[in-house]
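Let me begin by presenting the structure, written as structure tokens, before commenting on it.
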Protein chains: 2
Amino acid sequence: MLLTSYNRERTAATLLHEAEPETLNGLFSRQPVEFIHPGQSIFFEGDEAKHVFEVVEGALRIFRIISDGRRVITGFVFDGDLLGVSLKRNYLYSAEAIVGTKVRRLTKKNFEAAVQDSEELRPQVFERVCDEMAAAQDQMVLLSCKSAEERLCTFLLKHLRRAAAKSDVQSMVQLPMTRQDMADYLGLTIETVSRTITKLSTKGVLGCVGRHSVKVIKPMLLAQLAGDDDEYGWGDAGAAEDRRHH
Amino acid sequence: MLLTSYNRERTAATLLHEAEPETLNGLFSRQPVEFIHPGQSIFFEGDEAKHVFEVVEGALRIFRIISDGRRVITGFVFDGDLLGVSLKRNYLYSAEAIVGTKVRRLTKKNFEAAVQDSEELRPQVFERVCDEMAAAQDQMVLLSCKSAEERLCTFLLKHLRRAAAKSDVQSMVQLPMTRQDMADYLGLTIETVSRTITKLSTKGVLGCVGRHSVKVIKPMLLAQLAGDDDEYGWGDAGAAEDRRHH
DNA sequence: CGGTCTCTTGAGTTAAATCAAAGGCGGTGG
DNA sequence: CCACCGCCTTTGATTTAACTCAAGAGACCG
């Protein structure tokens, strides 16, 4: 609602028989790009969910403010991600740019109409929603029982994989968000985040380069410290020790 | 895979033009009912997600076992709920009956075919998935920053509302799960759950009746202690105090 | 009625939060 | 280009809510 262009939008029918390979992101390709300044919001928790957004470039934080004024970040979205797909009537969270960000939008109505009519698009939406659910589950596991160090390592590992997938410079991870953002995302305080990063740095797992990027020196150790053991253990099933928390 | 009946199933086409009002649960109405004993699983994390289940009666716990043997319960499902809708290829969690439970199943293939072809069913699935996402978000908020007391009150309140919606006896809440289940769901230990319930009981908020049900005596106070302030505060916007955690 | 399993209660420990202050990065203006 | 200022981050000291360990009490079953 703070945005400038009230974009003229193509109808669902127009959207359809145009793009050749029919990708979800393709739906947005003719929409005007909107620039969001750092700290600016694209919608607020409780707003009517009128639009679906595609992030073209940049990064946003997705968060809720709870009764006592604290902020919980439920996720970050980056270029290529969609925002606002799995919502009924209202946004359940606010979305705010972390850095200068470019987005495109479609009305929810047009987005859904286009998806409904396409045999190709429907499974793509389904897949995105499933991924979102899986991420939410992982986050619940993290918040339920991981230690501060495990949380940070899990977080960094996720971003390392993102970077690797985009074939960026090996082992360099860009972290556009602040320490406070990480704290609010990981269910920790800023001090604990800072101390834990320092500790990982001291251990030689990683090296900080400025405030917003780290170089991962020992990715294997990082993965081990994350405590996921990616996909249930390494075969020694039934070794349910009596470990409890942390 | 532990189940007995390898049900003959109607085809998607057959499923469709039969039920008059076309509800999601209606899809399952002709499927055979399967009985699940307490502690028995209907599927395991990692299994190929072949079926979608409708819970007819009873209660199940949905959980993951993490590398060190601990269990994280990501949700409970009760009668009327569907299980296995928002999954791609494999189950992300195990599902185990808490008490004697009745379920019906459809192959994922048939379920999805039936849904795809129906203008009435598609939005119903979408709504269920949205509710699931919303529940996951709420749980993240709970795990991120709520105290033990707030967690328990939030949990009890949710179950109180369930009971109220089913027009059961006012203020009596059935809790079929064990204290350990609650602990694994709320990110606490069994001792903390027990102590917190005792404290709430001492305060006169509720009274325990046996192990598996409580009588809520002061529902308003319970809601207050849950710390949700259902939908961002009561108007005093901008009163972001300097409160931090718990 | 006795056994087993679950739950409660107590005592002590700990990881992370809180409170407090110093350090350093980045932007601005002289 | 450099000095200053503000904000973010780091580091230190202390507190605390929840965890761990341990033992006893109560519910439910045959």
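By convention in this document, chain letters (A, B, ...) are assigned in the order of the sequence lines, proteins followed by strands, and residues within each chain are numbered from 1.
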Counterpart residues, side-chain contact (heavy atoms from CB on, under 4.5 Å), relative to B:Lys199 (two or more places apart):
B:Glu149, B:Lys203

Measure from [atom1] on [X] to [atom2] on [N] and round the result to the nearest Å.
X	N	atom1	atom2	answer
B:Lys146	D:dA18	NZ	P	13 Å
B:Asp68	D:dT20	CG	P	11 Å
B:Lys199	C:dT9	NZ	C1'	15 Å
B:Met182	C:dT6	CE	C1'	12 Å
B:Glu150	D:dA18	CD	P	9 Å
B:Leu152	D:dA17	CG	C1'	14 Å
B:Leu186	D:dA17	CG	C1'	16 Å

Pick one: which of B:Leu188, B:Thr196, B:Val193 meets side-chain contact (heavy atoms from CB on, under 4.5 Å) with B:Met182?
B:Val193

What are the two closest heavy atoms between A:Ala134 and B:Leu92, and how far apart are they?
CB-CD1, 3.8 Å

A:Gln137: side-chain hydrogen bond (donor to acceptor under 3.5 Å, both in side chains) partners, not counting sequence neighbours:
none

For the residue pair B:Tyr93 and B:Leu87, establish whether any side-chain heavy-atom pair is separated by less than 4.5 Å.
yes

Within the structure provided, determine whether A:Thr178 and A:Asp181 are in side-chain contact (heavy-atom separation under 4.5 Å).
yes

What string of B, S and - do you get for nucleotides 5-15 of chain D, 5' to 3', if B is base contact, S is sugar-phosphate-only contact and - is no contact with any protein heavy atom under 4.0 Å?
---BSBBBB--

